[in-house]
2 protein chains.
Amino acid sequence: MLEPNTLGHVLTRSARLLNARVVAAVHAEGFTEVRDSWLGMLRHLDAEGVRSTVLAERLEVTKQAAGQLVSELERKGYLERIPDPTDGRAKLVRITERGLQAWLAGLQAFRALETELDSVLGAHLLTTLRDGGGALLAHLETLENH
Amino acid sequence: MLEPNTLGHVLTRSARLLNARVVAAVHAEGFTEVRDSWLGMLRHLDAEGVRSTVLAERLEVTKQAAGQLVSELERKGYLERIPDPTDGRAKLVRITERGLQAWLAGLQAFRALETELDSVLGAHLLTTLRDGGGALLAHLETLENH
DNA sequence: CCAGTTGGTAAAGGCTGTTTACTTATCGCG
DNA sequence: CGCGATAAGTAAACAGCCTTTACCAACTGG
């Protein structure tokens, strides 16, 4: 009815398919437990380790939510928690070797998808979407902060 | 770490903010029960009524999920179910007057946001995003069907 | 030193969806 | 016509991911 919020729909749906495709590729590499939500988490890790509170901020969820996700990934062997030498309360979340392999598989799958899309849709389209989407996002975020 | 699937991130996040903004505006108009997920449902209604199975297909969820959402919207008075005269098993889902008002409020809010974004980011950007995203989506969907 | 802040965990529950398992009505066809 | 296959819908359980509320333990600044 009454042509609708198509922009939101298009964005939501293509993002979902994009992620689903990457995850499927990672599954095919043998990491069958990986789920969509992990991508968001792994994006924010680094080699030195990150506190889960920082992850929570970056993901914009509560620290409990971040902690739950980290615990699950830890159980599955993709992450590990080590004590933070500079603060007795804190722990640093680090990616394991297995986690790194899965991440690399996903990265590779994304690159491949990217090249394929570029060749089919034109090399400029993905760049345009990324940059345009970035600009849109930036403005929407300033709106959020009143 | 290792620059990541930023495209997926940008798309997901801007879509979320976009919808959140529309929903907030609808709340401000007095329809405080409206939630994000309703937008997806309302987009697929028409005046004659639609079967919930059809809604499920369009939303790409199970018929149970569609049925649950319809039931909730029915309880809140935004939708109604009437028997389908052409099939004794089926019911037609129709929007009520109240539902229509809420929808129009959302539509208006979206139009306003659109004009604002156009004036800030340039009139071409939203069009580019919608069209480019549409092209991307179309291709991703052909990939899904092997 | 101690009041306040910060890092983190625990438990319960909300929201949106899925899976599994039906019931009932319609349709195609021998 | 009758009957098996299919389609519309409901019901119940539970998964995934997040939140709120409530804590504890360690750090920090005055």
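Proteins get letters first, then strands, A, B, ... in listed order; numbering begins at 1 in each. Please read all numbers here as calculations on a predicted model, not as lab measurements. Below, each value reflects all heavy atoms present in this structure, side chains not excepted, and no hydrogens, waters or symmetry copies.
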Next on the checklist: With a 4.5 Å cut-off on side-chain heavy atoms, are A:S14 and B:L7 touching?
Outcome noted: no
Checklist entry - Are A:L126 and B:L137 grouped together when hydrophobic residues (ILVMFWY) are joined by side-chain heavy atoms under 4.5 angstrom apart? => result yes
Checklist entry - With the threshold set at 4.0 Å, does a side-chain nitrogen-carboxylate oxygen contact exist between B:E57 and B:K63? => result no
Checklist entry - Do other residues, nucleotides or ligands put more than 12 heavy atoms under 6.0 Å from A:Q108 CD? => result no
Checklist entry - When we call it a touch if two heavy atoms are under 4.0 Å apart, what does A:S37 touch: a base, just sugar-phosphate, or nothing? => result sugar-phosphate
Item to check | Pair A:K76 + A:E33, salt bridge at N-O below 4.0 Å | outcome: no
Item to check | Opening and closing nucleotides of DNA chain D in contact with chain A, under 4.0 Å to non-hydrogen atoms | outcome: D:dG16 to D:dC27
Item to check | With B:R81 via side-chain contact (heavy atoms from CB on, under 4.5 Å) - residues at least two apart | outcome: B:V70, B:S71, B:E74, B:K91, B:V93
Next on the checklist: Does B:T53 reach a base, just sugar-phosphate, or nothing at all? Heavy atoms under 4.0 Å.
Outcome noted: sugar-phosphate
Next on the checklist: According to a hydrophobic-cluster definition based on side-chain heavy atoms being under 4.5 Å apart (Ile, Leu, Val, Met, Phe, Trp, Tyr only), do B:L121 and B:F110 belong together?
Outcome noted: yes
Checklist entry - Using a heavy-atom distance cut-off of less than 4.0 Å, which residues of residues 63-92 of chain B contact DNA chain D? => result B:K63, B:Q64, B:R81, B:R89, B:A90, B:K91
Item to check | Ion pair B:R111/B:E116, N-O distance below 4.0 Å | outcome: no
